[in-house]
Amino acid sequence: MSKIPLVDLKAQYETIKPEIDAAIQRAIDRTAFILGPEAKQFEEHFAEFCGVKHAIGLDSGTAALHLALIALGVGAGDEVITTTHTFVATAEPVSLQGARPVFVDIDPRTYNMDPAQLEAAITPRTRAIIPVHLYGQPAELDPILEIGRKHNIPVIEDAAQAHGATYRGKRAGSMGTMACFSFYPGKNLGAYGDAGALVTNDDELAGRIRMLRDHGRTSKYEHEITGYGYRLDGIQGAILDAKLKHLPEWNKQRRAHADYYTELLTNLDDSIVLPYEPAHIKGVYHLFVIRTRGRDELLKCLKTQEIEAGIHYPVPLHLQPVYRDLGYARGAFPEAERAAGEILSLPLYPELTHGQMERVVETMRDFYRNN
Ligand SMILES: Cc1ncc(COP(=O)(O)O)c(C=O)c1O
């Protein structure tokens, strides 16, 4: 019995080995290890891919979120609104700035920020709104951007999981004041280490963020502002540029796999809730997430059959120990709390085969029959 992993980075490397090896060698030959021409070329190509003017290569998605907040001047006493159902890195930079993360609940069908709850969370201290395009599916941006405009609050897209997804035909990352991408290895576009990018159409913000990522530099020995060492590595830039060419095809394969799972899982068990995609949104299935009864037992059962599934995420941020001091009680965000107990991410990556998906579903069929 061969293992079916949640993500198979080795399988992907095998399909593009000569290109990746050549890209790494090129970066080494140039000895341009921090930023440099390879990273610059990737930035240009990634900006074009997103349909924005600027992409700024960074050393993680977390750094992108952090710099977005710093560039907006978010600091002590300020509030930033985001969803409670996300990876901790969405909220962490808010806390790092001494500001307060303010959470809102999710739409239970899409798992993304519920725009209907956003306006009530706005106060005179709100400095930014961070919708997350979770699982590769853009959040419901029109009402979120409208609320932002109405209150003059910038929207930062957390597009860490949504490279290439579209909302009403526009690419994720091109609609907010700024957007943050992660190239963590398992992402749809993943580096071979930590990497990220911030994208924007705003020339002034772009200039400020380029300075901030590199110790506030205006030239080699001149430092205008207090900055950070948040730069993209040259080798990662070279790898990402090589992989970017394949991203549209990989995303297409992910969508096709999601369709096949949907076909196989329809009518398997009454408790299963399949991913929901509104007609104006085209996600890129960073994860294929279902809801099911007996989630924890099913997860265990899959594990005994060497099938790796996941939970993204089992504890909403408002219930995390780190955010205890914010004072949210259990029950504060019922949809996120319910989802956390029911969701299951099935293996999904471009190189996954129909045979593997069939084995996942057959294992699930046996489980439901016996439970
Ligand atoms: C939704 C979300 N936001 C932010 C991040 C942070 O990105 P990174 O791990 O590159 O710092 C991630 C990924 O890890 C993520 O999934």
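Each ligand, and each atom within it, is numbered from 1 in the order the structure gives. Keep in mind it's a predicted model, so treat the numbers as computed, not measured. The figures that follow rest on heavy atoms only: side chains count, while hydrogens, waters and symmetry mates do not.
- Screening residues 106-161 for ring pair (Phe, Tyr, Trp, His ring centres under 6.0 Å), with sequence neighbours left out, gives Y111-Y135.
- Near ligand 1, residues S60, G61, T62, L65, T86, F87, A89, T90, V132, D158, A160, Q161, S182, Y184, K187, A195, Y313 each place a heavy atom inside the 4.0 Å sphere around the ligand atoms.
- Side chain of D233 to main chain of I235: no donor-acceptor pair is present (N/O by atom type, distance under 3.5 Å, no hydrogens or angles).
- Within the 3.5 Å criterion, the main-chain N or O of G294 finds no donor-acceptor partner in the side chain of E342.
- Ring-plane geometry between F181 and H163 is classed as tilted, the angle between the planes lying from 30 to 60 degrees on a 0 to 90 degree scale.
- When side chains are defined from C-beta on, L352 counts as touching Y261, because their heavy atoms get closer than 4.5 Å.
- Here the rule is side chain to side chain donor-acceptor pair (under 3.5 Å) with E19, and of H246, K245, K243 only H246 fits it.
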